[in-house]
Amino acid sequence: QVQLVESGGGLVQAGGSLGLSCAASERTFSSRTVGWFRQAPGKGREFVAGITWKSRTTYAESVKGRFTISRDNAKNAVLLQMNSLIPEDTAVYYCAAGGGAYSPLVSTFPNDFPSWGQGTQVTVSS
């Protein structure tokens with residue numbers, strides 16, 4: 001329903017930082033819950049962080065205190081700032097948008113997000 005484009009992935013050394021952006025194609029994006037998920041080789045898709053239309057946030061325990069999700073509605077985008085990166089953060093990172101509007105909660109289940117981007121690779125070296 002909503003076309004999403006991730007950007008900002010790349011190669012970074014452990015301890016470094018990287019910022020990801022998820023840009024949407026249409027105006028209702030700001031009313032939707034948006035989640036970041038990641039998938040490493042041989043593993044399932046893992047919830048990373050999510051944010052509601054009112055900027056209520058939820059984080060996976062593994063990234064809490066290191067990652068920050070935020071909205072930039074002027075740019076119709078959701079950002080993921082990743083600090084203190086470790087090799088275990090290496091994965092393809094996907095942005096996903098929920099199908100409804102004004103949900104007060106963040107879902108951690110991929111099936112609750114009907115719209116997905118193509119993903120961006122994040123590689124953290126030691």
Side-chain angles (χ1 to χ4, degrees):
Q1 296 179 2
V2 180
Q3 185 174 356
L4 305 174
V5 179
E6 302 98 334
S7 62
L11 175 64
V12 65
Q13 289 186 320
S17 298
L18 207 58
L20 305 183
S21 177
C22 174
S25 62
E26 55 98 57
R27 60 180 177 82
T28 65
F29 182 65
S30 63
S31 70
R32 301 174 186 266
T33 294
V34 176
W36 283 96
F37 296 79
R38 65 188 183 187
Q39 188 164 15
K43 297 184 178 180
R45 193 158 295 189
E46 175 191 17
F47 174 80
V48 177
I51 188 167
T52 71
W53 72 279
K54 210 169 182 179
S55 292
R56 177 174 179 168
T57 59
T58 302
Y59 296 93
E61 189 66 30
S62 60
V63 307
K64 192 174 297 182
R66 299 189 297 119
F67 291 9
T68 302
I69 188 170
S70 61
R71 308 196 79 119
D72 187 346
N73 288 337
K75 297 181 179 179
N76 214 31
V78 168
L79 311 177
L80 184 68
Q81 180 63 43
M82 305 184 294
N83 299 326
S84 302
L85 286 162
I86 58 177
E88 289 77 11
D89 295 320
T90 296
V92 177
Y93 282 70
Y94 297 91
C95 176
Y102 305 112
S103 174
L105 300 174
V106 174
S107 173
T108 62
F109 297 96
N111 287 344
D112 289 333
F113 295 84
S115 299
W116 291 79
Q118 297 182 24
T120 184
Q121 177 71 46
V122 172
T123 303
V124 183
S125 63
S126 60

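As a basis for the values below, the full set of heavy atoms in this structure was taken, side chains included, without hydrogen atoms, waters or symmetry mates. Everything numeric here is computed off the predicted structure, so don't read it as measured data.
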Q. Are Phe29 and Asn73 close enough, and set up right, to give a side-chain contact (heavy atoms from CB on, under 4.5 Å), and what steps lead you there?
A. CA-CA 9 Å; Phe29 182 65; Asn73 288 337; over 6 Å; no
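Minimum heavy-atom separation, Arg32 to Ala97: CD-CB, 4.3 Å. The two residues Tyr59 and Ala49 come nearest to each other via the heavy atoms CD2-CB, 3.7 Å. When all heavy atoms of Ala24 and Val2 are compared, the closest pair comes out as CB-CG1, 3.9 Å. In terms of heavy-atom proximity, Thr52 sits nearest to Arg71 at O-NH1, 2.9 Å. Residues Ala40 and Thr90 come closest through the heavy atom pair CB-O, 3.7 Å. Annotation for Ala14 and Ser126: closest pair CB-CA, 4.3 Å, computed over non-hydrogen atoms.
One finds the CG atom of Asp112 at 11.0 Å from the CG atom of Leu105 (value rounded to the nearest 0.5 Å). One distance of note links OG of Ser21 with CG of Asp72; it measures 8.0 Å at 0.5 Å rounding.
Side-chain contact between Ser62 and Glu46 is present, with at least one heavy-atom pair separated by less than 4.5 Å. No side-chain heavy atom of Phe113 sits under 4.5 Å from any side-chain heavy atom of Thr108. Ile69 places none of its side-chain heavy atoms less than 4.5 Å from the side chain of Phe67. Under the 4.5 Å side-chain criterion, counting only non-hydrogen atoms from C-beta, Arg27 is not in contact with Asn76. Contact of the Glu6 side chain with the Tyr93 side chain is not registered, since no non-hydrogen atoms from C-beta on lie closer than 4.5 Å. Put simply, the side chain of Leu20 reaches to within 4.5 Å of the side chain of Val122, judged on heavy atoms.
Judged by distance alone, the side chain of Ser31 and the main-chain N or O of Ala101 form no donor-acceptor pair under 3.5 Å.
Applying the disulfide (SG to SG under 2.5 Å) test to residues at least two apart or on different chains, none of the pairs has a partner in residues 41-94.
For the side-chain contact (heavy atoms from CB on, under 4.5 Å) test with Ser17, the passing option among Met82, Gln81, Arg66 is Gln81; the others fail.
Residue Gln121 places its CD atom among more than 12 non-hydrogen atoms of other residues, nucleotides or ligands, all under 6.0 Å distant.
In the hydrophobic cluster analysis, where Ile, Leu, Val, Met, Phe, Trp and Tyr join through side-chain heavy atoms closer than 4.5 angstrom, Leu80 is grouped together with Leu4. Under the 4.5 Å side-chain heavy-atom criterion for Ile, Leu, Val, Met, Phe, Trp and Tyr, Leu79 and Val12 are members of distinct hydrophobic clusters. A single hydrophobic cluster is seen to contain both Phe47 and Tyr94, as judged by linkage of ILVMFWY side chains at heavy-atom distances under 4.5 Å, directly or through other members. Under the 4.5 Å side-chain heavy-atom criterion for ILVMFWY residues, no single connected hydrophobic cluster contains both Trp53 and Val78.
Note on ring orientation: taking the six-membered ring where Trp is involved, the planes of Phe37 and Trp116 are tilted (angle from 30° to 60°).
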